[in-house]
Amino acid sequence: QLQFVESGGGSVQPLGSLRLSCAASGFDLEHYVIGWFRQAPGKEPEGLSCISKRSFNLYYADSVKGRFTISRDNAKNTVYLQMNDLKPEDTAIYYCGANTYSTVQRLCVQVEYEFRGQGTQVTVSS
């Protein structure tokens, strides 16, 4: 069974930081392009950052560029999202998604994952 489990979410004050983890089970992460996405209530899903299979190519949405950093450890079957300088508008459910053949830009811009995790809630509020 292909499964992602996200963790690391929570409540944080503006300008704070969180590090999200996305652990894969039932498959080898190295065969997939991976992305982090989020969805806030009443809004469409947004692709935030995507990383190629061997980390050579990265994509960041303008909304998070300079604040978020994606990385992956294929040996640990895990992808990370370091989030700094968090803003109230970053409040959403964050989840990871995977695609075997997509490019990082297509995966993020078109949100074309083949499967995804359940997500973890991130709340930024003073």
Side-chain angles (χ1 to χ4, degrees):
Q1 181 179 2
L2 307 181
Q3 187 175 10
F4 278 128
V5 178
E6 297 92 343
S7 61
S11 295
V12 64
Q13 293 187 340
L15 303 180
S17 297
L18 286 173
R19 188 192 193 207
L20 305 184
S21 297
C22 172
S25 64
F27 65 101
D28 289 329
L29 200 67
E30 63 182 345
H31 300 306
Y32 292 86
V33 180
I34 305 295
W36 279 98
F37 306 84
R38 70 184 178 192
Q39 187 166 18
K43 293 190 176 182
E44 293 293 315
E46 178 185 12
L48 303 176
S49 183
C50 293
I51 186 167
S52 61
K53 296 176 185 179
R54 296 189 179 182
S55 305
F56 292 153
N57 296 306
L58 307 178
Y59 173 90
Y60 291 96
D62 288 342
S63 58
V64 304
K65 198 173 295 182
R67 300 188 298 125
F68 291 9
T69 302
I70 192 170
S71 61
R72 65 191 293 165
D73 186 337
N74 288 339
K76 294 183 178 179
N77 237 22
T78 302
V79 180
Y80 306 95
L81 187 68
Q82 177 66 42
M83 306 188 298
N84 299 327
D85 189 23
L86 284 162
K87 305 175 181 180
E89 52 263 41
D90 293 319
T91 296
I93 293 175
Y94 286 68
Y95 58 94
C96 50
N99 190 300
T100 312
Y101 300 110
S102 186
T103 65
V104 291
Q105 183 159 0
R106 276 175 49 194
L107 176 58
C108 266
V109 174
Q110 298 181 25
V111 192
E112 60 170 26
Y113 48 79
E114 295 169 347
F115 58 95
R116 54 161 284 187
Q118 293 290 329
T120 183
Q121 177 70 45
V122 171
T123 302
V124 185
S125 174
S126 56

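Excluded from the calculations below are hydrogen atoms, water molecules and symmetry mates; all remaining heavy atoms, backbone and side chain alike, are included. All values derive from a computational prediction rather than experimental measurement.
Residue Glu89 places its CD atom among more than 12 non-hydrogen atoms of other residues, nucleotides or ligands, all under 6.0 Å distant.
Contact of the Met83 side chain with the Val124 side chain is not registered, since no non-hydrogen atoms from C-beta on lie closer than 4.5 Å. Between Asn99 and Tyr101 there is a side-chain heavy-atom pair separated by less than 4.5 Å. By the 4.5 Å heavy-atom criterion applied to side chains, Gln82 and Ser71 are not counted as neighbours. Counting only heavy atoms from C-beta outward, the side chains of Tyr80 and Arg19 approach each other to under 4.5 Å. Looking at heavy atoms from C-beta onward, Phe4 lies out of side-chain contact with Tyr113 at the 4.5 angstrom threshold. Put simply, the side chain of Val109 reaches to within 4.5 Å of the side chain of Tyr59, judged on heavy atoms. The closest side-chain heavy-atom distance from Phe56 to Val104 is not below 4.5 Å. Considering only heavy atoms from C-beta on, Ser11 stays 4.5 Å or farther from Ser125 through its side chain.
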Exercise for the section: Check step by step if side chain to side chain contact (heavy atoms under 4.5 Å, CB included) holds for Val5 and Gln118. Expected result: CA-CA 7 Å; Val5 178; Gln118 293 290 329; over 6 Å; no

Exercise for the section: Would you please test Lys76 and Ser21 for side chain to side chain contact (heavy atoms under 4.5 Å, CB included) and show each step? Expected result: CA-CA 11 Å; Lys76 294 183 178 179; Ser21 297; over 6 Å; no

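Looking only at distances, no side-chain donor or acceptor of Arg72 sits under 3.5 Å from a matching main-chain atom of Val33. Panel note: side chain Tyr60, backbone Ile70; a donor-acceptor pair is recorded below 3.5 Å. No donor-acceptor pair closer than 3.5 Å links the side chain of Asp73 to the backbone N or O of Thr78.
Taking CD from Gln105 and OG from Ser52, the interatomic distance works out to 13.0 Å, rounded to the nearest 0.5 Å. Here the straight-line distance linking atom CG of Leu81 with atom OG1 of Thr120 works out to 11.5 Å at 0.5 Å rounding. Between the CZ atom in Arg38 and the CG atom in Leu48 there is a gap of 5.0 Å [rounded to 0.5 Å].
Both Val79 and Leu58 belong to a common hydrophobic cluster when Ile, Leu, Val, Met, Phe, Trp and Tyr are linked at side-chain heavy-atom distances under 4.5 angstrom. Two different hydrophobic clusters hold Phe68 and Val111 under the rule that ILVMFWY side chains link at heavy-atom gaps under 4.5 Å. When the side chains of ILVMFWY residues are joined at heavy-atom separations under 4.5 Å, either directly or via intervening members, Leu20 and Ile34 end up in a single hydrophobic cluster.
Between Asp90 and Lys87, none of the side-chain N atoms (NZ, or NE/NH1/NH2) sits under 4.0 Å from a carboxylate O, so this pair counts as no salt bridge.
A pairwise comparison of heavy atoms in Gln39 and Pro45 identifies NE2-CD, 3.5 Å as the closest pair. Heavy-atom minimum distance, Trp36 versus Cys22: CZ2-CB, 3.5 Å. Smallest separation of non-hydrogen atoms from Ala98 and Tyr32: CB-CD2, 3.9 Å. Nearest heavy atoms, Ser102 versus Glu112: OG-OE2, 2.7 Å. Taking each heavy atom of Cys50 and Gly35 in turn, the nearest pair found is SG-CA, 3.5 Å. Minimum heavy-atom separation, Glu30 to Lys53: O-CB, 3.4 Å.
Looking at Thr123, Val12, Val64 one by one, the single match for side chain to side chain contact (heavy atoms under 4.5 Å, CB included) with Leu86 turns out to be Val12.
In this model, a donor atom of one side chain and an acceptor atom of the other lie less than 3.5 Å apart for Thr100 and Glu114.
A centroid separation of less than 6.0 Å is found between the aromatic rings of Phe27 and Phe115.
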